Amino acid sequence: MLLKKRSEYLEKTVLLIECLILEIEYSSETLYEIIKCFSLRNEFKCLDYLLNCNSLIEEGVEYPNAWSDSVSNSKFFNKNEKEKMLQLGRILGSSNMQTQKRKMKIYLEYFNNFLFVSKKAEEKYASVFLYSGTLLGFGLFIIII
Amino acid sequence: MKKIIKDNFDSAVSCISTDLRKKLLLLSPEIKNKTYEIRLRENRPIILFGSYSAAFFNSDSSISFNKRSDSLIFSEEELSDTFNRLCSYSVHTHHANIINGFVTMKEGHRVGIAGTAVCSPEGEIINIKNISSLNIRIARSVPGCCEELLKYFLKESRKSLLIAGPPGSGKTTLLRDFAEKISSGELCKIMKTTVIDEREEIIQKNDFNGNCDVLKGYPKEYAITSAIKTLSPEIIICDEIATEKEISAISRAVNSGVRFIATVHASDFDELVSRPQIERLLETFSFDSVVLLENALNPCKIKQIYESGDVLDEIYRRRSGIYGADICGDLHFNAS
């Protein structure tokens, strides 16, 4: 269950990075506006770090601190994912649109990879649980007979 | 002329890094009102410019005309922090302006940027790196500053006005007031007004009661053409006419029956008659009056109003080598 949630979390993060790239390219809005807008969207409601970041910004915390605090406190990222997310936060808004887009695509690849690994783990453990369950059931059946 | 200069100092320093901002906010209201520029250079003393001339900013939140041992130095970290805050941590949003050497704050204050240009093989500037100084020009709002000029504009049925003046003389402030008065019908019948605000410093959302169409961030020549095609303005207001393309666009617009209020840089009459762009602009016969403003010490104050034909005559006279011709007899209006 937890693995499934983690995969969903990473899936939404990949979607968020894709949307960030598109939004920066299309509207050229400031990060404050983009974060505010995305945190209100239903598909990103499960991304705790995005919602926290928006709340902190609304409280007057500067973007770099708001991003790093909220990513550091996120529930489902592991250490490596947090590190990459913090690096992405430092890239956001730091340069012109094309440069940001190129750099963000690298991080998109990283997170696609994390998602792939997470899904593989989910499948692996799902089959392990399935086999264990089947064996246990079969064992119990033999004992009962 | 009413002169109520609203205090915009506090909003202008909002982009400066926290510790320094707190000290600047402690300046007396009188100094704040008189200040029109804050110069922040990397590892150099902070200098304020105002109607009191130039002054150093000291650690006890005072200013002094001579450098003191406690005059504050603007550090590298403060510069980096200020630049990031200025861009709201979103360089992509301001990149087009940054390569042109400025960022406009949302309150309308223009911040000039100096650094090292990064050029493409074709010679185009693609970025500014190693930013070394920031110059915050505090936008002023002087309600009613255009009233006298507006009365002249309407009474004399002027076609178009060209406002010239040195930096800080209040050209943009006058345009802002014109836009408000003309579009809201406060002092005249409502005119369909379009403001072309390429640098996004004429109109600020929070401090503008006009009722006009505003084209922000558009290149002027494109905006003029677009406005005529789609917004059917009676009058177009735009800042700092400089290029041939802009002059051509104005000429075409005037031929379509649109009136203009525009500005150009010119420190004095000599500069006015010696700048080729102004000559080219006047030769289009788009403007019938040229208003010369005083200087930064007397913002929005009219020094003289000339008939554009007289200015052109003087340009031709000087070119043909007849200097010192007295055109005072031809002056239409003397504000003093």
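What you are looking at is a predicted structure, and each value in this text was computed from that prediction instead of being measured. Quick note on labels: first sequence line is chain A, next is B, and so on, each numbered from 1.
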For this session: Examine whether an atom of A:Thr30 lies under 4.5 Å from a heavy atom of chain B, and if so say whether it belongs to the side chain, the backbone or both; otherwise answer neither.
Result: both
For this session: Using non-hydrogen atoms and a 4.5 Å limit, figure out which bit of A:Glu29 sits close to chain B: side chain, backbone, both or neither.
Result: backbone
Exercise. Charged N to carboxylate O below 4.0 Å: is that the case for B:Glu240 and B:Arg199?
Worked result: yes
For this session: Identify the heavy atoms of B:Ile126 and B:Ser120 that sit nearest to each other, and give their distance.
Result: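 Heavy-atom minimum between the residues: CG2-CB, 3.9 Å.
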Exercise. Between B:Thr194 (side chain) and B:Asp213 (backbone), is there a donor-acceptor pair under 3.5 Å?
Worked result: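 Checked: no pair found.
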Exercise. Is a side-chain N or O of A:Ser70 found less than 3.5 angstrom from the main chain of A:Ala66, in a donor-acceptor match?
Worked result: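 Confirmed, A:Ser70 side chain pairs with A:Ala66 backbone.
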For this session: Give the member of A:Gln100, A:Glu62, A:Gln98 that has the highest number of heavy-atom pairs under 4.5 Å with chain B.
Result: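 Top count of heavy-atom pairs under 4.5 Å with chain B: A:Glu62.
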For this session: With a 4.5 angstrom heavy-atom cut-off, could you sort out which part of B:His92 is near chain A: side chain, backbone, both or neither?
Result: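 Both parts, backbone and side chain.
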